[in-house]
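The structure under discussion appears below in the form of structure tokens.
Letters go in sequence order (proteins before strands), and every chain restarts at 1.
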Protein chains: 2
Amino acid sequence: MAVARKETPRERYRAQLRAEIKERAWEQIATAGAPGLSLNAIAKQMGMSGPALYRYFAGRDELITELIRDAYRSLADTVRAAGPGADLSELGRALRGWALDDPQRYFLVYGTPVPGYHAPDDVTEIASQIMEILLDAAQSTGPAAGAPDEERLDAHLAENRQWAAGHSASPAALRRALLFWTRLHGILSLELAGHFTGMGLDPMELYDSELQHLTR
Amino acid sequence: MAVARKETPRERYRAQLRAEIKERAWEQIATAGAPGLSLNAIAKQMGMSGPALYRYFAGRDELITELIRDAYRSLADTVRAAGPGADLSELGRALRGWALDDPQRYFLVYGTPVPGYHAPDDVTEIASQIMEILLDAAQSTGPAAGAPDEERLDAHLAENRQWAAGHSASPAALRRALLFWTRLHGILSLELAGHFTGMGLDPMELYDSELQHLTR
DNA sequence: CCTGGCGGTTATAACCTCTAACGAACACAC
DNA sequence: GTGTGTTCGTTAGAGGTTATAACCGCCAGG
């Protein structure tokens, strides 16, 4: 254990209130999306008057950033919980479950960014942790070499692999991890945004097919 | 020619002003995203006072809806201009060019939706026109049958093809069109959102590889 | 005990969307 | 040419937001 000085009641209260604020924020986001989040409404909901929340968050941006951070952490925990030693199939199912569980949380991570916004460092840190788990799974899943029409991409990835952060994955594994990410995100993103509704097809069939193709 | 009664100066003026409002709106969206669009700011920029704009748009929502409509039309025009008779490669390049040309326009079509919002009918009409062009290209591009691991999906698509609106594409072509859509969107969406920045890889290599794989 | 920090309050500024009421200018009929 | 009605733009204002400032009371540690 670390030093972990006993928490003062004040600190406990403060942490608890911050958590409740975030709880309400998630509820609001679930029903009105991130742009519909209102500090004032949260405060009113909690029985306090507007500016009180500024004791706990520097402003709306900091609250949203905190929610994004939590969303990233939640995703990392989810894929971690599927492993270690999980293959891409399990990771894919875990990802889909996480996305469907709270679409707005997914959009907080992978949705339309605000042009000015820049993610804090620890968020990109978590993102690379996720990528590492993905790379582990990708390496232990499929063949180590690619088909002829994948040569060019594999060569590019072999030369530009700094995003893999020293991971020992083969170029083919790098490619699989990357395609896992982009392809599944493509389907999930369109599905959650409702672009499949009315088309009369089951996105899960598409998803599973892609997943099977990635792990063959 | 249709009857096309001569436009009155009033109508001309009105149309011109509506166009200018939309022009300013696009500028704002490009720099601050859709949630940062402000009718007041547009009015001030144009030298009029706030409520004047309500003569031209019923409100912020109608303006945004109109921009979404224009974005869809622009995308449809772009893919139409690549054809007719364009194959998936050309369509893919046209799509990427269109997306990179104005990322926020792309996000207006495929980005995070506002939970309450429902697209008007003519927008879904345009969407199905785009899908039809895609299906044409998909049918004339690859093989008519799928690999063994694509059987299940092809069967599902053969049974649920109402989204193809009576198009005569083979199940394999349906699958190619769908994967063209989801896979390329996956890459474009992540690229435009900046999720590749700092990874040190070229999204275009990934994109081209996927495109080549789709048309092989 | 008492004093400083913390949590909450109200007031206020500066935005925003949107409605209402008014005035001016224009187009059209006569 | 004159009247009349529609349209355009204005200001005023209600009600919402974020955010800051000033103030007050309470709890906690010295």
Item to complete: Could you state the atom-to-atom distance from CG of A:Leu39 to P of D:dT20 in whole Å?
Response: 11 Å
Item to complete: Give a yes/no answer on whether the side chain of B:Ser49 brings an N or O atom under 4.0 Å of OP1 or OP2 in D:dG9.
Response: no
Worksheet item: Quick one: is C:dA25 close enough that its OP1 or OP2 comes under 4.0 Å of any side-chain N or O from B:Tyr13?
Response: no
Item to complete: Could you tell me the separation between the CD atom of A:Gln16 and the C1' atom of C:dG7, rounded to a whole number of Å?
Response: 14 Å
Fill in: Sidechain N-carboxylate O distance under 4.0 Å for B:Arg69, B:Glu66
yes
Worksheet item: How close or far is atom C1' of C:dT17 from atom CD1 of B:Ile21, stated in whole angstroms?
Response: 15 Å
Practice prompt. Would you tell me if any nitrogen or oxygen in the side chain of A:Tyr54 comes within less than 4.0 Å of OP1 or OP2 on D:dT17?
Written response: no
Response to the item:
Testing C:dA11, C:dC18, C:dG8 for proximity to the side chain of A:Pro51, the answer is C:dA11
Worksheet item: Are B:Thr112 and A:Tyr110 linked by a side-chain donor-acceptor pair shorter than 3.5 Å?
Response: no
Discussion item. In whole Å, I'd like the distance from the CD1 atom of B:Ile64 to the C1' atom of C:dT17.
Written reply: 12 Å
Fill in: B:Tyr56 side-chain N/O to D:dG9 phosphate OP1/OP2 under 4.0 Å
yes
Worksheet item: Quick one: A:Arg10 CZ to D:dG29 P, roughly how many Å, whole number?
Response: 9 Å
Worksheet item: Would you say the side chain of A:Leu95 lies within less than 4.5 Å of the side chain of A:Trp181, judging by non-hydrogen atoms?
Response: no
Practice prompt. Using a 4.0 Å heavy-atom cut-off across all strands, classify A:Arg14 as base, sugar-phosphate, or nothing.
Written response: sugar-phosphate
Discussion item. Return whichever of B:Arg55 or B:Asp61 has its heavy-atom-nearest nucleotide of DNA chain C closer to the 5' end.
Written reply: B:Asp61
Worksheet item: Judged by modelled atom types alone, do B:His167 and B:Arg161 share a side-chain donor-acceptor pair under 3.5 Å?
Response: no
Fill in: Spacing between A:Arg12 atom CZ and D:dC27 atom P, to the nearest angstrom
18 Å
Worksheet item: Counting just side-chain N and O atoms, does B:Asn40 come under 4.0 Å of either OP1 or OP2 of C:dT17?
Response: yes
Worksheet item: Rounding to a whole Å, what distance do you find between A:Lys44:NZ and D:dG15:C1'?
Response: 10 Å
Fill in: Donor on one side chain, acceptor on other, B:Gln129 and B:Arg80, under 3.5 Å
yes
Response to the item:
Atom CE of A:Met48 and atom P of C:dG8 are separated, to the nearest Å, by 5 Å
